[in-house]
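Structure record follows, encoded as structure tokens.
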Amino acid sequence: MTLEWEQVVIDATDPEALGRWWAEALGWTVVESSDDEYEIRPEPGRLPSLLFGRSPEKKTEVKNRVHLDFRPDDRDAEVARLLAHGARHADVGQSGDEPWVVLLDPEGNEFCVLGPRHG
């Protein structure tokens, strides 16, 4: 049996708005849009995608059990860009000396911007 990673599904109260935010933040392309789903990919035909699906429940104030990690060339510059784009800092119990920064998207989903890879 062979498995291919197709997508990550993210619940959203407003899939289009959240999907648009992520598409702009990542520079990805919209490949599907309806009232209940909004899908983006790095480019058409390239996997994996992020699929934002409508959910009536808002995110609760607990840490996500799954989150996205991104490793940019310049962590601090990328954090500043994402904050200017509408992300917010998140406190999930980190000690403060980690090589990553935890941010929230507009609906409160955590994601990390990582520092340089070592080794």
Side-chain angles (χ1 to χ4, degrees):
M1 174 160 58
T2 302
L3 293 174
E4 182 176 19
W5 178 20
E6 177 78 17
Q7 60 199 6
V8 173
V9 178
I10 300 172
D11 289 347
T13 56
D14 186 343
E16 182 179 356
L18 190 58
R20 235 182 306 123
W21 188 88
W22 276 104
E24 292 168 6
L26 297 173
W28 285 19
T29 302
V30 177
V31 295
E32 181 73 33
S33 177
S34 71
D35 288 341
D36 292 325
E37 292 185 340
Y38 198 86
E39 184 178 4
I40 64 173
R41 293 185 183 189
E43 57 190 54
R46 184 168 162 214
L47 297 175
S49 70
L50 293 177
L51 176 69
F52 301 88
R54 185 168 307 283
S55 175
E57 301 90 22
K58 291 187 179 201
K59 181 174 180 303
T60 60
E61 293 299 318
V62 297
K63 183 177 171 242
N64 288 2
R65 294 189 62 172
V66 175
H67 67 267
L68 303 172
D69 284 352
F70 300 97
R71 190 177 305 278
D73 293 333
D74 182 334
R75 183 199 68 190
D76 294 340
E78 192 61 25
V79 167
R81 184 186 73 82
L82 290 163
L83 290 170
H85 185 57
R88 303 178 317 273
H89 281 283
D91 180 358
V92 294
Q94 62 269 42
S95 65
D97 61 350
E98 290 84 1
W100 64 84
V101 176
V102 183
L103 298 176
L104 300 172
D105 72 13
E107 288 202 13
N109 299 298
E110 298 92 7
F111 64 98
C112 293
V113 181
L114 307 175
R117 187 180 310 270
H118 297 287

- Note on the structure: Arg41 meets the salt bridge (Lys or Arg N to Asp or Glu O under 4.0 Å) criterion, sequence neighbours left out, with Glu6, Glu39
- So, do Thr13 and Glu107 sit near enough that their side-chain heavy atoms are less than 4.5 Å apart? yes
- Query: Say you draw a straight line from CZ of Arg20 to CD1 of Ile40; how long is it, rounded to the nearest 0.5 Å?
  - Reply: 12.0 Å
- Dump the intermediate steps for salt bridge (Lys or Arg N to Asp or Glu O under 4.0 Å) on Glu78 and Arg75, then the final yes or no. CA-CA 5 Å; Glu78 192 61 25; Arg75 183 199 68 190; over 6 Å; no
- Message: Determine whether Glu4 and Leu47 satisfy the following criterion, side chain to side chain contact (heavy atoms under 4.5 Å, CB included), listing intermediate values before the conclusion.
- Response: CA-CA 9 Å; Glu4 182 176 19; Leu47 297 175; 3.4 Å; yes
- Item | Check against side chain to side chain contact (heavy atoms under 4.5 Å, CB included), Val113 and Leu82 | CA-CA 10 Å; Val113 181; Leu82 290 163; 3.8 Å; yes
- Message: Would you compute the distance between atom CG of Asp14 and atom NZ of Lys58 and round it to the nearest 0.5 angstrom?
- Response: 10.5 Å
- Apply ring-ring contact (aromatic ring centres under 6.0 Å, His included) to His85 and list each qualifying residue two or more places apart in sequence or on a separate chain. Trp21
- Query: Using a side-chain heavy atom cutoff under 4.5 Å and only I, L, V, M, F, W and Y, what cluster partners does Val9 have?
  - Reply: Leu51
- Task: State plainly whether one hydrophobic cluster holds both Phe70 and Val102, where clusters connect Ile, Leu, Val, Met, Phe, Trp and Tyr through side-chain heavy atoms under 4.5 angstrom apart.
- Result: no
- Message: According to side-chain hydrogen bond (donor to acceptor under 3.5 Å, both in side chains), who are the partners of Arg71, at least two apart in sequence or on a separate chain?
- Response: none
- Message: Is a donor from one side chain sitting under 3.5 angstrom from an acceptor on the other, for Asp69 and His67?
- Response: yes
- Task: Could you list the residues that satisfy side-chain contact (heavy atoms from CB on, under 4.5 Å) with Asp73, not counting sequence neighbours?
- Result: none
Which atom pairs, one a donor and one an acceptor, fall under 3.5 Å between side chains of residues 22-31 and the rest of the protein, sequence neighbours left out?
unit_1 : atom_1 : unit_2 : atom_2 : d
Trp22  : NE1    : Asp105 : OD2    : 3.0

- Does the side chain of Leu18 come within less than 4.5 Å of Asn109's, by heavy atoms? yes
- Item | From CA spacing to verdict: side chain to side chain contact (heavy atoms under 4.5 Å, CB included), His89, Leu83 | CA-CA 8 Å; His89 281 283; Leu83 290 170; 3.3 Å; yes
